[in-house]
Visitor: 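Below: one structure in structure tokens.
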Amino acid sequence: MAAPPIAPQELNRLLLDWYDRHRRRLPWRAEPGKRADPYHVWLSEIMLQQTTVATVGPYFRRFLELWPTVEDLAAADLDAVLHSWQGLGYYARARNLHKCAQAVAGRHGGVFPDTEAELLTLPGIGAYTAAAIAAIAFDRKATPADGNFERVFARLHAVETPLPDAKPILRGLAAALTPERRPGDHAQAVMDLGATICTPRSPKCMACPWHEPCEARNLGIAADLPRKSPKKQKPTRRGIAFWAVTPGGAALLRRRPESGLLGGMMEVPSTDWTEADSALAEAEAPVKGEWRLLPGLVRHTFTHFHLELTVASASVAEQKVTDGVWVPLDRLGEHALPTVMKKVVTHALAQAGKQKR
DNA sequence: GATTCGTGGTC
DNA sequence: TGACCAAGAAT
């Protein structure tokens with residue numbers, strides 16, 4: 001049984017009417033009817049990539065305190081940017097953020113380009129983010145097809161093709177509904193709908209402005225869409241982290257390579273992380289010492305593997321190291337430590353402290 | 001086109 | 001407890 005036909009204009013009227021009444025107040029949004037600051041929109045969109053609104057809030061506010069304009073951000077040290085980004089994850093975003101700020105400050109005199117095509121040329125801005133900035137900051141007709149869009153339109157049209165194969169189909173369906181009038185509000189309306197009503201689990205269909213025309217709801221399969229292709233299971237990698245502390249109370253950290261996993265962030269030196277069992281390999285330690293394995297494990301899960309780190313500890317004299325820096329324990333907070341390394345530090349301090357007593 | 005890239009919350 | 005999930009981009 002096909003759902004009763006409904007004109008695109010009517011769908012859009014229902015959506016915008018709902019949005020005007022239920023619009024979320026978010027730190028990066030302008031007051032109703034006003035144009036948002038493109039710098040704020042860009043910064044928020046980068047932070048929001050694969051990251052929840054609740055997590056982004058404090059980071060967004062902190063970045064604006066530290067760097068009120070894109071030119072301030074462009075003039076900052078990359079280390080300072082990475083440090084402020086610590087805990088947000090996907091650290092390539094922070095490196096590209098800095099690059100992008102420098103491009104905007106340099107090429108455009110601190111003014112963001114206002115077309116999708118130009119935005120797309122900037123570092124860290126892909127198809128989604130270019131469309132989002134064009135629509136939200138400049139009210140241009142663009143379709144930022146994020147996960148919310150995919151879920152909402154998969155349900156509205158009962159698309160049963162699993163993701164990611166369904167992406168181009170869903171993007172087309174969304175684009176067909178993008179209006180000439182208020183395209184920015186339209187985009188934010190779909191996102192708000194996806195975030196608050198058309199949620200992944202237990203969608204609140206009774207409160208949805210598209211309750212009547214939604215094909216998936218009419219079929220009773222709204223909560224089952226979008227379907228997704230099965231994911232590969234994550235392997236477990238293991239390694240030894242070397243916690244070296246001097247009598248003066250300084251620990252050895254080192255900077256990770258600029259690209260790849262946790263690129264540019266600081267770490268407790270460790271062996272490679274491999275799927276093979278890891279024995280205490282003193283030859284791989286960053287400095288010589290009487291290394292002892294601490295009890296327990298540090299567990300952490302990345303996007304595509306589980307990690308189990310065993311921490312080895314040694315008390316050593318402060319010495320020159322080719323690759324690393326000695327950091328006083330009370331100044332660890334000044335360095336850009338990803339969450340997994342904060343876990344290592346916490347575990348090392350707790351267990352090594354116990355041993356001493 | 002498939003992989004690589006974090007983290008915290010939720011059920 | 002573990003798998004899934006979140007306003008994706010780069011390679």
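None of the values given here were measured: they were computed from a predicted structure.
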Visitor: Can you tell me if A/E308 and A/T236 form a side-chain donor-acceptor pair at under 3.5 Å?
Guide: no
Visitor: Keeping to residues at least two apart or across chains, list the salt bridge (Lys or Arg N to Asp or Glu O under 4.0 Å) pairs with something in residues 90-104 of chain A.
Guide: none
Visitor: Taking atom P of B/dT7 as reference, at what distance in whole Å does atom NE2 of A/H306 sit?
Guide: 15 Å
Visitor: Could you state the atom-to-atom distance from OH of A/Y91 to C1' of B/dT7 in whole Å?
Guide: 7 Å
Visitor: A/Q233 or A/K99: which one's nearest nucleotide on DNA chain C is closer to the 5' end?
Guide: A/Q233
Visitor: Please classify the nucleic acid contact of A/I125 as base, sugar-phosphate, or nothing, using heavy-atom distances under 4.0 Å.
Guide: sugar-phosphate
Visitor: Kindly write out the residues that satisfy side-chain contact (heavy atoms from CB on, under 4.5 Å) with A/R29, not counting sequence neighbours, or none if the list is empty.
Guide: A/Y19, A/R23, A/R24, A/L26, A/Q188, A/D192
Visitor: Does anything in residues 37-54 of chain A reach DNA chain B, meaning a heavy atom under 4.0 Å, and if so which residues?
Guide: A/Q50, A/T51
Visitor: Counting only side-chain nitrogens and oxygens, does A/K342 get under 4.0 Å of the OP1 or OP2 atom of B/dT7?
Guide: no
Visitor: Name the nucleic acid region contacted by A/G260, choosing base, sugar-phosphate or nothing; use a 4.0 angstrom heavy-atom cut-off, strictly under.
Guide: sugar-phosphate
Visitor: Tell me the interatomic distance from A/H300, atom NE2, to B/dG6, atom P, rounded to whole angstroms.
Guide: 9 Å
Visitor: What does A/P144 touch in the nucleic acid at a heavy-atom separation under 4.0 angstrom: a base, only the sugar-phosphate, or nothing?
Guide: nothing
Visitor: Are there any protein N/O atoms within less than 3.5 Å of an N/O atom in nucleotides 9-11 of chain B, and if so, which ones and at what distance?
Guide:
none

Visitor: Determine the contact category for A/L26: base if any of its heavy atoms lies under 4.0 Å from a base atom, sugar-phosphate if only primed atoms, P, OP1 or OP2 are that close, otherwise nothing.
Guide: base
Visitor: Does A/G194 reach a base, just sugar-phosphate, or nothing at all? Heavy atoms under 4.0 Å.
Guide: nothing
Visitor: A/Y90 has an atom OH; how far is it from atom P of B/dG8, in whole Å?
Guide: 13 Å
Visitor: Determine the Euclidean distance between corresponding P atoms of C/dA7 and B/dA2; express it in Å to zero decimal places.
Guide: 23 Å
Visitor: What residues, two or more places apart in sequence or in another chain, satisfy ring-ring contact (aromatic ring centres under 6.0 Å, His included) together with A/H300?
Guide: A/F302
Visitor: Start at the 5' end of DNA chain C and walk down; is the nucleotide closest to A/L120 or to A/R29 reached first?
Guide: A/R29
Visitor: Could you tell me whether A/K234 contacts a base, only the sugar-phosphate backbone, or nothing, with contacts defined as non-hydrogen atoms closer than 4.0 Å?
Guide: nothing
Visitor: At 4.0 Å (heavy atoms only), tell me whether A/P164 reaches a base, stays on the sugar-phosphate, or touches nothing.
Guide: nothing
Visitor: Find the distance A/W85:CH2 to B/dC5:P and express it as a whole number of Å.
Guide: 17 Å
Visitor: For atom CG of A/D114, is the number of surrounding heavy atoms from other residues, nucleotides or ligands below 6.0 Å larger than 12?
Guide: yes
Visitor: So, is A/H304 close to the B/dC5 phosphate, meaning a side-chain N or O under 4.0 Å from OP1 or OP2?
Guide: yes
Visitor: Please work out whether the ring planes of A/W42 and A/F112 are parallel, tilted or perpendicular, with thresholds of 30° and 60°.
Guide: tilted
Visitor: What's the CZ-P distance between A/R95 and B/dT4, to the nearest Å?
Guide: 16 Å
Visitor: Taking any atom closer than 4.0 angstrom to a non-hydrogen atom of chain A, what span of DNA chain C does the protein reach, first nucleotide to last?
Guide: C/dC5 to C/dA10
Visitor: Would you mind reading off the distance between A/R299 atom CZ and B/dG8 atom C1', rounded to a whole angstrom?
Guide: 18 Å
